[in-house]
Peer 1: 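First the structure, which I've put down as structure tokens, then a few questions once you've had a look.
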Amino acid sequence: MVITDITVTKRGRYSLFVDGDFLFSVDGQTVLEYGLKKGLEVDCGFLDELQSACLEKKARDKAMDLLSRRPYGERELIDRLAKDFPRPLCAALCATLRDAGLIDDRAFAGQLCEEYGQLRGYSARRIKQELYKRGFDRELIEELCAPDEEEEVARARRLIEKSYLRKLGMEGGPDKVRAALSRQGFSYGTIREAMREYITEED
């Protein structure tokens, strides 16, 4: 088999033709690395290796683009990349990125705990749910979301002051606020303690 033509595409890639037929497109770096040129004799093994290298580079470029926009957990990034690339390739790539320090589940999960707890006022239970959705390891989640009743009460109070303070003075308001906090994952004991300073008497 012989490379019979290499043409530039509108996207700046290179279309590879072997024995007169279009095979696949490659990037400029791969053209240089593999010494691709018209008239080069190739075999199936070489073409398979070339195609794998191109696919891996496309997956890595996609991963780096995603990571440039925001942090990702390893499982979350694998799932995102697997929409466009083979999952085994995505898993291997993400393991490499993790080893290079470009993915750090502990740091990212800790950052999310801080954001959900301090800025959004989520309960520990809801924070766990959010972290589970992102695919973080269960042991890591349990470690980062260890029970802290004082902090839970403080989060519930911040949420009351941010979203529910007016409702407490309305008819049936306290019950509605309790229900709202319960939906956010706060326990009955936490809700009772958090509301103690806002109402003079519990229903």
Side-chain angles (χ1 to χ4, degrees), residues 59-168 170 172-199 202:
R60 183 178 180 84
D61 288 346
K62 179 66 175 181
M64 297 307 294
D65 178 61
L66 291 170
L67 289 170
S68 71
R69 300 178 187 184
R70 69 168 178 85
Y72 276 79
E74 185 171 353
R75 174 65 181 278
E76 183 185 17
L77 186 57
I78 290 173
D79 289 343
R80 176 62 184 83
L81 293 173
K83 294 179 179 180
D84 302 305
F85 305 97
R87 181 169 286 274
L89 169 61
C90 300
L93 171 61
C94 287
T96 300
L97 295 176
R98 179 194 65 220
D99 293 342
L102 297 175
I103 302 175
D104 188 332
D105 275 10
R106 177 174 290 278
F108 183 36
Q111 176 185 327
L112 290 173
C113 283
E114 183 74 13
E115 176 186 337
Y116 292 147
Q118 299 297 324
L119 300 182
R120 302 191 188 185
Y122 287 2
S123 66
R125 184 182 303 172
R126 185 170 179 186
I127 292 174
K128 286 183 181 181
Q129 292 174 346
E130 295 296 331
L131 296 182
Y132 284 136
K133 288 179 184 179
R134 290 177 178 268
F136 290 107
D137 180 74
R138 181 177 295 273
E139 291 185 4
L140 176 61
I141 293 174
E142 293 297 331
E143 177 186 340
L144 293 176
C145 300
D148 184 334
E149 185 57 30
E150 288 187 7
E151 177 59 26
E152 279 288 273
V153 171
R155 289 173 181 170
R157 285 174 177 163
R158 285 196 295 270
L159 191 56
I160 290 171
E161 292 174 358
K162 178 181 179 181
S163 305
Y164 304 120
L165 204 54
R166 287 186 178 181
K167 290 185 178 180
L168 289 175
M170 301 178 181
D175 286 339
K176 292 179 180 179
V177 173
R178 291 189 191 96
L181 292 175
S182 180
R183 288 194 296 271
Q184 293 292 336
F186 292 101
S187 69
Y188 175 78
T190 296
I191 295 171
R192 182 182 179 86
E193 182 63 29
M195 292 181 65
R196 189 184 301 278
E197 67 178 84
Y198 300 106
I199 56 179
E202 289 277 31

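Only heavy atoms go into these numbers, but all of them, side chains included; no hydrogens, no water, no symmetry mates. Just so you know, these numbers come straight off a predicted model, no measurement behind them.
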Peer 1: CZ/Arg178 to OH/Tyr188 distance, rounded to the nearest 0.5 angstrom?
Peer 2: 7.0 Å

Peer 1: Answer yes when Asp84 and Arg80 have at least one side-chain N-carboxylate O distance shorter than 4.0 Å, and no when they do not.
Peer 2: yes

Peer 1: Does Asp65 reach the side chain of Arg69, with side-chain heavy atoms less than 4.5 Å apart?
Peer 2: yes

Peer 1: Can you name the nearest heavy-atom pair linking Cys113 to Leu144, along with the distance?
Peer 2: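 Looks like SG-CB, 4.0 Å.
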
Peer 1: Flag the pair Glu74 / Leu97 as yes when at least one side-chain heavy-atom distance between them is below 4.5 Å, and no otherwise.
Peer 2: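 Glu74 vs Leu97: side chains apart.
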
Peer 1: Apply side-chain contact (heavy atoms from CB on, under 4.5 Å) to residues Leu67 and Leu77 and explain how you reach the verdict.
Peer 2: CA-CA 9 Å; Leu67 289 170; Leu77 186 57; 4.2 Å; yes

Peer 1: With a 4.5 Å heavy-atom cut-off, do Leu66 and Leu81 have their side chains touching?
Peer 2: yes

Peer 1: In this structure, are over 12 heavy atoms from other groups packed under 6.0 Å from Arg138 atom CZ?
Peer 2: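 Counting neighbours around CZ of Arg138, 12 or fewer heavy atoms of other residues, nucleotides or ligands fall under 6.0 Å, so no.
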
Peer 1: Any idea which heavy atoms bring Thr190 and Ala156 closest together, and the distance?
Peer 2: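 For Thr190 and Ala156, the tightest heavy-atom pair comes out as CG2-CB, 4.2 Å.
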
Peer 1: Is the number of heavy atoms from other residues, nucleotides or ligands under 6.0 Å of Arg134 CZ greater than 12?
Peer 2: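 Correct, the count exceeds 12.
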
Peer 1: Rounded to the nearest 0.5 Å, what separates atom SG in Cys94 from atom CG in Leu102?
Peer 2: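 Spacing of SG (Cys94) from CG (Leu102) equals 10.5 Å.
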
Peer 1: Could you state the interatomic distance from SG (Cys145) to OH (Tyr132), rounded to the nearest 0.5 Å?
Peer 2: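 Taking SG in Cys145 and OH in Tyr132, the distance rounds to 8.0 Å.
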
Peer 1: Let me know which of Glu152, Arg155, Lys128 forms a side-chain contact (heavy atoms from CB on, under 4.5 Å) with Ser123.
Peer 2: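 When side-chain contact (heavy atoms from CB on, under 4.5 Å) is applied between Ser123 and each of Glu152, Arg155, Lys128, only Glu152 qualifies.
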
Peer 1: Would you check if Phe136 and Leu112 make a side-chain contact, meaning some heavy-atom pair closer than 4.5 Å?
Peer 2: yes

Peer 1: Roughly how far, to the nearest 0.5 Å, is CZ of Arg192 from CG of Leu181?
Peer 2: 14.0 Å

Peer 1: Can you give me the closest heavy-atom contact between Pro174 and Met195, atom names plus distance?
Peer 2: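 Minimum heavy-atom separation between Pro174 and Met195: O-CE, 3.7 Å.
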
Peer 1: Over all heavy atoms of both residues, which pair between Ala109 and Leu140 is shortest? Give the atoms and the distance, please.
Peer 2: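 Taking Ala109 first and Leu140 second, the nearest heavy atoms are CB-CD2, 4.2 Å.
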
Peer 1: Salt-bridged, Arg158 to Glu161, with N to O below 4.0 Å?
Peer 2: no

Peer 1: Which atom names give the shortest non-hydrogen contact between Leu89 and Ala59, and what distance separates them?
Peer 2: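 That would be CD2-CB, 4.2 Å.
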
Peer 1: How about Ile103 and Tyr72: do any of their side-chain heavy atoms sit closer than 4.5 Å?
Peer 2: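 Ile103 vs Tyr72: side chains apart.
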
Peer 1: Looking at Leu93 and Ala63, what are the two nearest heavy atoms and their distance?
Peer 2: CD2-CB, 4.1 Å

Peer 1: Just wondering, are more than 12 heavy atoms of other shown residues or ligands nearer than 6.0 Å to CZ in Arg75?
Peer 2: no

Peer 1: Look up atom SG in Cys90 and atom NZ in Lys62, then write down how far apart they are to the nearest 0.5 Å.
Peer 2: 11.5 Å

Peer 1: Is there a side-chain contact between Phe186 and Leu159 (heavy atoms, below 4.5 Å)?
Peer 2: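 Heavy-atom side-chain distance check passes, below 4.5 Å.
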
Peer 1: Can you tell if the side chain of Asp105 reaches within under 4.5 Å of the side chain of Arg98, non-hydrogen atoms only?
Peer 2: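 Answer no - side chains too far apart.
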
